[in-house]
Amino acid sequence: MNSFKTIEWQNNKVLMIDQRKLPGKEVYIECTTFEEIAECIRDLVIRGAPAIGIASAMGMALGAMSISDDCSYEDFTKRMKTISEHLALTRPTAVNLFWAIDRMNRLISECRDREVKEIKNLLKTEAINIQKEDLITCIRIGENGAELIKDNSVVLTHCNAGGLATAGHGTALGVIRSAFLQGKNISVISSETRPVLQGARLTTWELERDGIPVRLITDSMAGHLMSRGMVDSVLVGADRVASNGDIANKIGTYSLSILAKHHNIPFYVAAPTSTIDGKCLSGEKIIIEQRNPEEVTHMDGKQISAQVNAINPAFDITPADNIECLITEVGLFKKPYEKSLSGIIKKNQ
Ligand code: MRU
């Protein structure tokens, strides 16, 4: 499964599928500089928490390659700091971006005694490893979560937490893919995810390619379907998980969690442990990215509203209390999350 590459390191260039153009066109963008990678992250060429983590690591590797081998270790670290800061300013909410940058910088600080040329190669290998590990992680998330998905059931998902948002397989869609591959008769309802339409454009595209039954709804239809017994579970990804179990995910996730709670429908979150931010104590501390209001007032470059201001928060916070279970590559976590997540948080420090 996954007949496309979200992102790939190829001959010292980074290739990524242009997610802004999907599902209409399948085109790949080639980046040769860290600035180009940053632009791709900001403009949503590549999006989804784990995928932007991989992109930022590859951006750091590209940045390192532009530095001369003759540079001193001190000057190299100074240049890499500027590159890290540039990449870190792209999008504030998904912690994977910062997690990957920190991991690359940790490697640099462990290489104090090595030649700059060697460090550059190690950074390249580390970025590629982050990608390889993410694929394995997603497969494990899928295997761990599949048991929660009942045979003959309908799963509602929001935004895109699929292969396009990761190195492949996906987190929430990884669970769906794994359950489907186990032979379970499942079908998916994808909410369109206004304003950027990740659900309508990307999730339906991925699932359709894999032959997994999927139906599209507008965001406002979810409550009605739940009230008519047409949804058996809700399964989403996350951009950041606070240590108390609150999560940030695509705008609209919070409303779905309330609807699910009201209708007694289990609400699951699938995410790698790299999305758990042990330093963040609760959801209210998570910075919510505010995007260009034109994403709301315009569609395909055409104005769809009167000339008014719009509000465009890209994410919202779902309180831990609404989450039945957090599915990760190392297992399933339940309430109270302060307690169940504490071991992982300690280990990741
Ligand atoms: O703005 P986006 O498209 O980057 O938002 C993506 C999401 O909210 C996903 O649900 C989340 O990153 C999890 S992806 C495995």
Side-chain angles (χ1 to χ4, degrees), residues 2 6-7 16-20 22 40-56 90-100 131 134-135 137-142 145 156-178 188 190-203 205-206 219 234-241 247-257 267-277 283 286-292 295-296 312-318 323 326-329:
N2 252 195
T6 305
I7 180 166
M16 45 180 98
I17 193 165
D18 188 344
Q19 302 195 24
R20 299 167 307 180
L22 289 171
C40 283
I41 296 173
R42 202 175 293 115
D43 290 354
L44 310 182
V45 170
I46 188 157
R47 31 66 50 203
I52 64 176
I54 298 163
S56 60
T90 50
R91 299 193 72 190
T93 306
V95 74
N96 306 62
L97 182 101
F98 307 96
W99 170 88
Q131 180 187 29
D134 187 61
L135 181 57
T137 296
C138 285
I139 290 168
R140 291 203 179 123
I141 290 174
L156 189 149
T157 190
H158 187 57
C159 192
N160 173 268
L164 287 166
T166 60
H169 201 64
T171 55
L173 293 196
V175 172
I176 289 167
R177 279 195 169 92
S178 297
V188 178
S190 168
S191 43
E192 64 173 349
T193 322
R194 275 273 289 152
V196 179
L197 305 179
Q198 291 93 332
R201 296 186 303 102
L202 308 176
T203 295
W205 179 78
E206 271 196 40
D219 297 329
V234 180
L235 173 56
V236 295
D239 288 83
R240 200 182 282 247
V241 179
I247 64 134
N249 192 50
K250 179 53 54 195
I251 192 76
T253 304
Y254 171 51
S255 322
L256 286 173
S257 79
F267 184 93
Y268 302 122
V269 176
T273 52
S274 55
T275 306
I276 302 171
D277 181 359
I286 300 176
I287 298 173
I288 301 292
E289 177 183 4
Q290 304 293 323
R291 291 190 64 84
N292 189 340
E295 287 179 351
V296 178
N312 190 14
F315 300 95
D316 59 26
I317 304 297
T318 297
I323 303 168
L326 174 67
I327 307 161
T328 76
E329 75 278 20

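Residue numbers count from 1 along this sequence. Just so you know, these numbers use all the heavy atoms, side chains as well, and skip hydrogens, waters and symmetry mates. Counting convention: from 1, in listed order, for ligands and their atoms alike.
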min-distance protein heavy atom vs atom 5 (O) of ligand 1 -> K250 CE, 3.3 Å

If you compare R91, H158, R47 by their heavy atoms, the one closest to atom 3 (O) of ligand 1 turns out to be R47

among protein heavy atoms, the one nearest atom 14 (S) of ligand 1 is A165 CB, 3.5 Å

Sequence neighbours excluded, the answer for salt bridge (charged side-chain N to carboxylate O under 4.0 Å, His left out) partners of E289 is R91, R291

The closest protein heavy-atom partner of atom 15 (C) of ligand 1 is T171 OG1, 3.0 Å

Quick note on ligand 1: atoms under 4.0 Å from a heavy atom of P50 include exactly 14 (S), 15 (C)

Nearest heavy atom to atom 12 (O) of ligand 1, choosing from A49, G53, A238, belongs to A49

* To do: Spell out, as yes or no, whether a donor-acceptor pair under 3.5 Å connects the side chain of E295 to the backbone of V196.
  => no

Closest non-hydrogen contact found for H169 with I139 is CD2-CA, 3.7 Å

Note: ligand 1 atoms sitting under 4.0 Å from heavy atoms of C159 are 5 (O), 6 (C), 7 (C), 8 (O)

Separation between CZ (R47) and SG (C159), nearest 0.5 Å, reads 5.0 Å

Set out, in order, the CA-CA distance, both residues' side-chain angles and the distance that settles side-chain contact (heavy atoms from CB on, under 4.5 Å) for L135 and T166, then state yes or no. CA-CA 7 Å; L135 181 57; T166 60; over 6 Å; no

Worksheet entry | CZ/F267: more than 12 non-hydrogen atoms of other groups inside 6.0 Å | yes

*Does a side chain donor of either R201 or N160 reach within less than 3.5 Å of an acceptor in the other side chain?*
no

query: Do I327 and L235 come close enough that some side-chain heavy atom pair is under 4.5 Å?
result: yes

Closest to atom 9 (C) of ligand 1 among protein heavy atoms sits N249 OD1, 3.4 Å

SB check D277 R240 (cutoff 4.0 Å): yes

Exercise. Answer yes or no for D239: is there a heavy-atom contact with ligand 1 below 4.0 Å?
Key: yes

Measuring from the heavy atoms of A94, does anything fall under 4.0 Å of ligand 1? no

Ligand 1 atoms nearer than 4.0 angstrom to some heavy atom of Q198 are 1 (O), 2 (P), 3 (O)

Near F315 (heavy-atom distance under 4.0 Å), the atoms of ligand 1 are 1 (O), 5 (O), 8 (O)

Taking only non-hydrogen atoms of A161 and a 4.0 Å limit, the atoms of ligand 1 in range are 14 (S), 15 (C)

